[in-house]
Amino acid sequence: MVKILWVDDEVELLKPHVLFLKGKGYDVDTCNNGYDAIDMARNTAYDLIILDEMMPGMTGLETLPLIKDLRPTTPVIMVTKSEEENIMDKAIGSKIADYIIKPVNPNQVLLSIKKNVHSQQLVTEQTTADYRAEFGRITNMCQMASSFSAWCAIYRKLTNWEVELSESTDQSIKEILTYQKSEANKEFCKFVRRNYYNWINKRVSDEEIPVMSHTLMRKKILPEVDSHQKTTLLLIDNFRYDQWRAISSLLRGYYDVNIDDFYCSILPTATQYARNSIFAGLMPLAIDKMMPDKWLNDNEEGGKNQYEEEFLSRQLSSVGKSYKWTFDKLVRPEAGRKLIDNIRRIYDADFSVIVYNFLDILSHARTETDIIRELTEDEASFRSLTRSWFEHSDLFEILKLLSERGHTVIITSDHGTIRVDNPIKITGDKETSSNLRYKTGRNLQYNPRDVYEVARPEDIQLPRTNLSSSYIFAYDSDFLVYNNDANRFIRYYRNTFQHGGISMEEMIVPYIVLKPKK
């Protein structure tokens, strides 16, 4: 039961109001002076205190800070006869939760109590009811979806509900949403399996082919650069749409969202493939054929993303762009501060590119470090940690500076990431790639129903690691483990964030264009 303290020197006249609140199920204590109010607040943890501003002896404004010292988180509603600005400034400065002007109306008091005590519960109840009403519509959307844009709309809806319901105490509604998202992902995987080959090989009309990693620069990014005097591309590795939702409110004071859209990552949804394709404007097979010295296969030693700046330079030249441009890749924490110290070079560029690797590092740290795993046990906590990092990061400071200078900012990623929980056992030789969401190599043994198999890599424009190699891709929240020592791998990798396979989270990548506020 919600416990309320009402403090008023004319408390006897308020008996009808008190009875009204008791009839609504509230436990109400009363007193008629500030001294007794302080003693009662010291001895009892009230959920809310109603405090008269004008009382003889100790006034409400004098009582308020003393109560706040004792109970800093307890909401206080101030009741006043006056709306004088200086009185309200003092009350608000002392952190009252609300105020009511006399004469007091019982329903007005009830509304203020609900707003300050039950607001989270009421929001949760309404949000839960809204999602239950939406459940059937989303199910129908999944059954009818026949285009990538339709799946983007579904993913947006499911992500928005996931964010909205993250603070709900109704565990059953969360389980329903998790089930619906999993079912949607299964249907999305079937959709990709039916269409991916046709997209890559242009076997359907241009309107049916989504913007993908290798066409992103040409179709989306460069037209924005041409339209604005100064443009910065911020590519955050492993960045998902729910993480954009987590940080977007922090940017409202600096930018307006001009475009909130998506594009489709190529397979494998891994940095080596997807990011190189973005900057080269080519599929991996074409990169390997045209620049064999700059492409390393999975089984070859060495850094797989060392030539992104060269790839971008070549692509800009091939489409006739002569921008003054810069390229920065921030991998270590100190690199952000160094970029801030040298921010003028970005100010002076027509087109600046910043690759930020923190979320990829965080995903790997979550797999390898127990304390990070505990801090990010589910998507909601991972979003929370993402927001906390961003709010205190050099990247946020860079974006503030770019807003001041009038830069249009494009935020996107090379791929997303998914929390895996269902092991799929396979076998392969020692040359098989190590990624948990896709495998490439010779002599792969698996159940074809469990994976998307590509026997001829060139069919989807991927290079071969050897003459007889093939690719397989995991679906939904599956992850690929070897039969030998499988139990150890399952315990270690279950409930970790991985990328490389087929899911909405990995393939439907946010593409955000921010316009600086004037």
Please report whether the ring centroid of [Y] lies less than 6.0 Å from that of [X].
X	Y	answer
F497	F382	yes
W389	F239	no
Y511	W244	no
Y493	F479	no
F279	Y307	no

(request) Identify the residue among H499, Q498, E506 that makes a side chain to side chain donor-acceptor pair (under 3.5 Å) with R437. (result) E506

(message) Here's a test for you: under side chain to side chain donor-acceptor pair (under 3.5 Å), which of T159, N160, D260 qualifies with R245?
(response) N160

(request) Report the residue from I259, V409, D261 that forms a side chain to side chain contact (heavy atoms under 4.5 Å, CB included) with V513. (result) I259

First locate atom [atom1] of [X], then atom [atom2] of [Y], and finally report the distance between them rounded to the nearest 0.5 Å.
X	Y	atom1	atom2	value
K202	Y197	NZ	OH	14.0 Å
D421	D478	CG	CG	8.0 Å
L330	Y356	CG	OH	5.5 Å
K439	S470	NZ	OG	12.5 Å
L267	H415	CG	NE2	12.0 Å
L233	I411	CG	CD1	10.0 Å

[X] and [Y]: side-chain donor and acceptor closer than 3.5 Å?
X	Y	answer
D298	Y438	yes
E505	N185	yes
R387	S249	yes
Y196	N201	no

(message) Is the positively charged end of K329 above the ring of F327, judged by distance under 6.0 angstrom from the centroid and angle within 45° of the axis?
(response) no

(message) Given the ring of Y452, does R193 sit roughly above its face, with NZ or CZ under 6.0 Å from the centre of the six-membered ring and within 45° of the axis?
(response) no

Between [X] (side chain only) and [Y] (backbone N and O only), is there a donor and an acceptor less than 3.5 Å apart?
X	Y	value
K174	S166	yes
S384	S381	no
S413	N238	yes
T215	V211	no
N466	S468	yes

(message) Students often mix this up, so state it plainly: with edges at 30° and 60°, are the rings of Y323 and F351 parallel, tilted or perpendicular?
(response) perpendicular

(request) Specify whether W151 and F191 have parallel, tilted or perpendicular ring planes, treating 30° as the upper limit for parallel and 60° as the lower limit for perpendicular. (result) tilted

Are [X] and [Y] packed together at the side-chain level, in the sense that at least one heavy-atom pair is separated by less than 4.5 angstrom?
X	Y	answer
D328	T326	yes
F188	S503	no
R494	V420	no
L462	P268	yes
I154	C142	yes
T231	H407	no
I410	L235	no
W325	S352	no

(request) Mind jotting down which residue pairs meet the salt bridge (charged side-chain N to carboxylate O under 4.0 Å, His left out) criterion with at least one end in residues 450-466? Sequence neighbours excluded, please. (result) R456-E458, R456-D459, E458-R464

Of the non-hydrogen atoms in [X] and [Y], which two are nearest, and what is the gap between them?
X	Y	answer
R275	N305	CB-ND2, 3.9 Å
R218	Q315	N-OE1, 4.1 Å
Q243	R240	OE1-N, 2.9 Å

(request) Determine, step by step, whether E208 and S205 satisfy the side chain to side chain donor-acceptor pair (under 3.5 Å) criterion, reporting the C-alpha distance in whole Å, the side-chain angles of both residues, the deciding distance to 0.1 Å, and the verdict. (result) CA-CA 5 Å; E208 295 177 73; S205 66; 3.0 Å; yes

(request) Decide side-chain contact (heavy atoms from CB on, under 4.5 Å) for T412 and I512; before the verdict, give the C-alpha distance in whole Å, the side-chain angles of both, and the deciding distance to 0.1 Å. (result) CA-CA 6 Å; T412 190; I512 313 298; over 6 Å; no

(message) Please evaluate residues R337 and D394 with respect to the criterion salt bridge (Lys or Arg N to Asp or Glu O under 4.0 Å), reporting the C-alpha separation (whole Å), side-chain torsions for both, the decisive distance (0.1 Å), and the verdict.
(response) CA-CA 6 Å; R337 180 50 47 185; D394 290 327; 3.1 Å; yes

(request) Evaluate the side-chain contact (heavy atoms from CB on, under 4.5 Å) criterion for residues R132 and I176: first the C-alpha distance (whole Å), next the side-chain angles of each, then the deciding distance (0.1 Å), finally the verdict. (result) CA-CA 9 Å; R132 289 185 187 276; I176 292 170; 3.9 Å; yes

(request) Apply side chain to side chain donor-acceptor pair (under 3.5 Å) to the pair E404 and Y347, showing each step before the final yes or no. (result) CA-CA 10 Å; E404 291 174 8; Y347 292 161; 5.5 Å; no

(request) Test I508 against C264 for side-chain contact (heavy atoms from CB on, under 4.5 Å), laying out the working first. (result) CA-CA 5 Å; I508 303 179; C264 182; over 6 Å; no

(request) Dump the intermediate steps for salt bridge (Lys or Arg N to Asp or Glu O under 4.0 Å) on D242 and R383, then the final yes or no. (result) CA-CA 7 Å; D242 64 327; R383 284 193 296 272; 3.1 Å; yes

(message) Assess the residue pair E187 and K190 against the criterion (salt bridge (Lys or Arg N to Asp or Glu O under 4.0 Å)); give the C-alpha distance rounded to whole Å, side-chain angles, the decisive distance to 0.1 Å, and a yes or no.
(response) CA-CA 5 Å; E187 292 303 315; K190 294 176 186 175; 3.3 Å; yes

(request) Please report the C-alpha distance between E310 and K294 in whole Å, then the side-chain angles of each, then the deciding distance to 0.1 Å, and finally whether the salt bridge (Lys or Arg N to Asp or Glu O under 4.0 Å) criterion is met. (result) CA-CA 10 Å; E310 288 183 47; K294 293 181 174 59; 3.5 Å; yes

(request) Any chance you could lay out the side-chain contact (heavy atoms from CB on, under 4.5 Å) test for V481 and I424, step after step, and finish with the verdict? (result) CA-CA 6 Å; V481 297; I424 301 294; over 6 Å; no

(message) What verdict does the ring pair (Phe, Tyr, Trp, His ring centres under 6.0 Å) test give for F311 and W295, after you've listed the backbone C-alpha separation in whole Å, the side-chain angles of each residue and the deciding distance to 0.1 Å?
(response) CA-CA 11 Å; F311 290 159; W295 179 268; 8.1 Å; no

(message) Determine whether Q180 and T139 satisfy the following criterion, side chain to side chain donor-acceptor pair (under 3.5 Å), listing intermediate values before the conclusion.
(response) CA-CA 8 Å; Q180 185 169 49; T139 299; 3.0 Å; yes

